Novice: 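Supplied in structure tokens, the structure appears directly below.
Model, not experiment: these values are computed from the prediction.
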Amino acid sequence: MDARWQLGITHLPRSIMQVSFWAFVAAQWKRQPPVVEADLTGKTVIVLGANIGLGFETAKHFATMNPGRLILACRSQSKGQAAVEKIKADTGFAKAELWIVDLADFASVKQFADKFDREGGRLDILVENAAVAVLDYESTKDGWETTLQVANLSTPLVAFRLLPAMIQTARDHSTLPRLVVVSSETHQRVDIEKGVLESTGIIQTLGSAEHCSSKDGMKGRYPLSKLLNIFFARALNEHLPPSTPLVVNTVNPGYCYSGLRRHFSGIRAVVSRLMELCLAFSTEVGSRQFVYAALGEPDHPDKLRGAYISGTRVQEVSDFVLSPQGVKAQGRLWDELVEILGSVDTKVPDIVQKYLLP
């Protein structure tokens, strides 16, 4: 038994495992520091996926810090409104706002971003907490595999569209905004198959019905999405001009109680439940990592620029990410992503050209 059981993943080759089971256990049993606190008066914070779990607890922490605006970006009107009301009841903060966005629908993402262009104003913190963990192939209305679109296409699309607001905020208010992309330690347990790396389009291949319907096409889909999150955050940081007043990082919340595993059945569900009972952080504890990524190291913010954060400290990403194959894959993934999202949203190419290095 090893940490691959975290998401019921038992098929991944041991050769790519970097964290032993006992190291994983030790990290989960380690006492976690209290949440980082700051005065957010006048500042605007957005949390994607804020109606439940880690996203909700993150938004709740921010609510205690008196932000000027706290936007809960959720897919469901009813669940999102319930989250807004619960934050008010639990913290006394009455200014939380519900904005609707469905990351499985590009039109919804563009409407969300257009609304922010019109009504949002400044943007100091964006926490991109979005993930799904499906076991079988599902296609969105846009024709992409659901996990890939939510985590690896729409999440970057939100980042691209809100990037100008964050940079303008820094210039207008002499602040240093932060963009936090939520990943996972599970990214260390996958790589990208050689055949996919050699295909004409990595993203197109990973999202194709043909690939997903193959024997191993949907295995490890969740950790793969977290690996692609790592690649995106690193690439975005590298394409920002060095003088850009923006900190981009990615964060691992640790193994937490999560609705992501609600679809498990049989032995996988039993093992998952046992793992949660023995090892899982509460969602509140896990959310402290997100807040640290957004607010930590206030005197030395560059320490977190481009960083992968886990256990409230900067840690190294997987060997595959750092390998020559990984470096090459990151470059290709970036170019493909810009091209795909440019066809989805005509504003993306202009943003990339104006704010990012080629």
Novice: Any salt bridge linking K347 with D350? Criterion: basic side-chain nitrogen under 4.0 Å from a carboxylate oxygen.
Specialist: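 D350 and K347: not salt-bridged.
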Novice: Would you call the rings of W334 and F232 parallel, tilted or perpendicular if under 30° counts as parallel and over 60° as perpendicular?
Specialist: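 Taking F232 first and then W334, their aromatic rings lie parallel (interplane angle under 30°).
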Novice: So K226 and Q188, do their side chains get closer than 4.5 Å, heavy atoms only?
Specialist: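 With C-beta onward as the side chain, the pair stays apart.
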Novice: Does CD1 in I52 sit with more than 12 non-hydrogen atoms of other residues, nucleotides or ligands closer than 6.0 Å?
Specialist: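 For I52, atom CD1 is not crowded (no more than 12 foreign heavy atoms under 6.0 Å).
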Novice: When you look at CD of E339, are more than 12 heavy atoms from neighbouring residues, nucleotides or ligands closer to it than 6.0 Å?
Specialist: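 No.
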Novice: Between W99 and E97, is a side-chain hydrogen bond (donor to acceptor under 3.5 Å, both in side chains) present by the stated rule, with each step listed?
Specialist: CA-CA 6 Å; W99 287 30; E97 305 173 33; 3.1 Å; yes
Novice: Does a side-chain N-to-carboxylate-O contact under 4.0 Å join D172 and R122?
Specialist: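 No, D172 and R122 are not salt-bridged.
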Novice: Mind checking whether V291 and M65 have side chains closer than 4.5 Å, heavy atoms only?
Specialist: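 In contact.
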Novice: Just wondering, do M166 and L126 contact through their side chains at under 4.5 Å, heavy atoms?
Specialist: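 In contact.
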Novice: Quick check on the 6.0 Å ring-centre criterion: do Y137 and W144 meet it?
Specialist: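 Centroid separation for Y137 and W144: 6.0 Å or greater.
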Novice: Has the side chain of N249 got a donor or acceptor atom that lies under 3.5 Å from a matching backbone atom of Y308?
Specialist: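 A pair under 3.5 Å: no.
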Novice: Identify whether the distance between the nearest side-chain nitrogen and carboxylate oxygen of K115 and D117 falls below 4.0 Å.
Specialist: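 Looking at K115 and D117, the cut-off is not met.
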Novice: For V150, is there any backbone N or O sitting under 3.5 Å from a side-chain donor or acceptor partner on T155?
Specialist: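 Yes; at least one donor-acceptor contact below 3.5 Å.
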Novice: Between the side chain of T205 and the main-chain N/O of G201, is any donor-acceptor distance below 3.5 Å?
Specialist: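 Answer holds: yes.
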Novice: Check this for me, if you would: do D114 and R161 make a salt bridge, where the nitrogen-to-carboxylate-oxygen distance has to be below 4.0 angstrom?
Specialist: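 A salt bridge links D114 with R161.
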Novice: Hey, do the aromatic rings of H61 and F290 have their centres closer than 6.0 Å?
Specialist: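 Judged by ring-centre distance (under 6.0 Å), H61 and F290 do not meet the cut-off.
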Novice: Flag yes if more than 12 heavy atoms outside K328 fall under 6.0 Å of its NZ atom; otherwise flag no.
Specialist: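 Atom NZ in K328 is not packed in, count stays at 12 or less.
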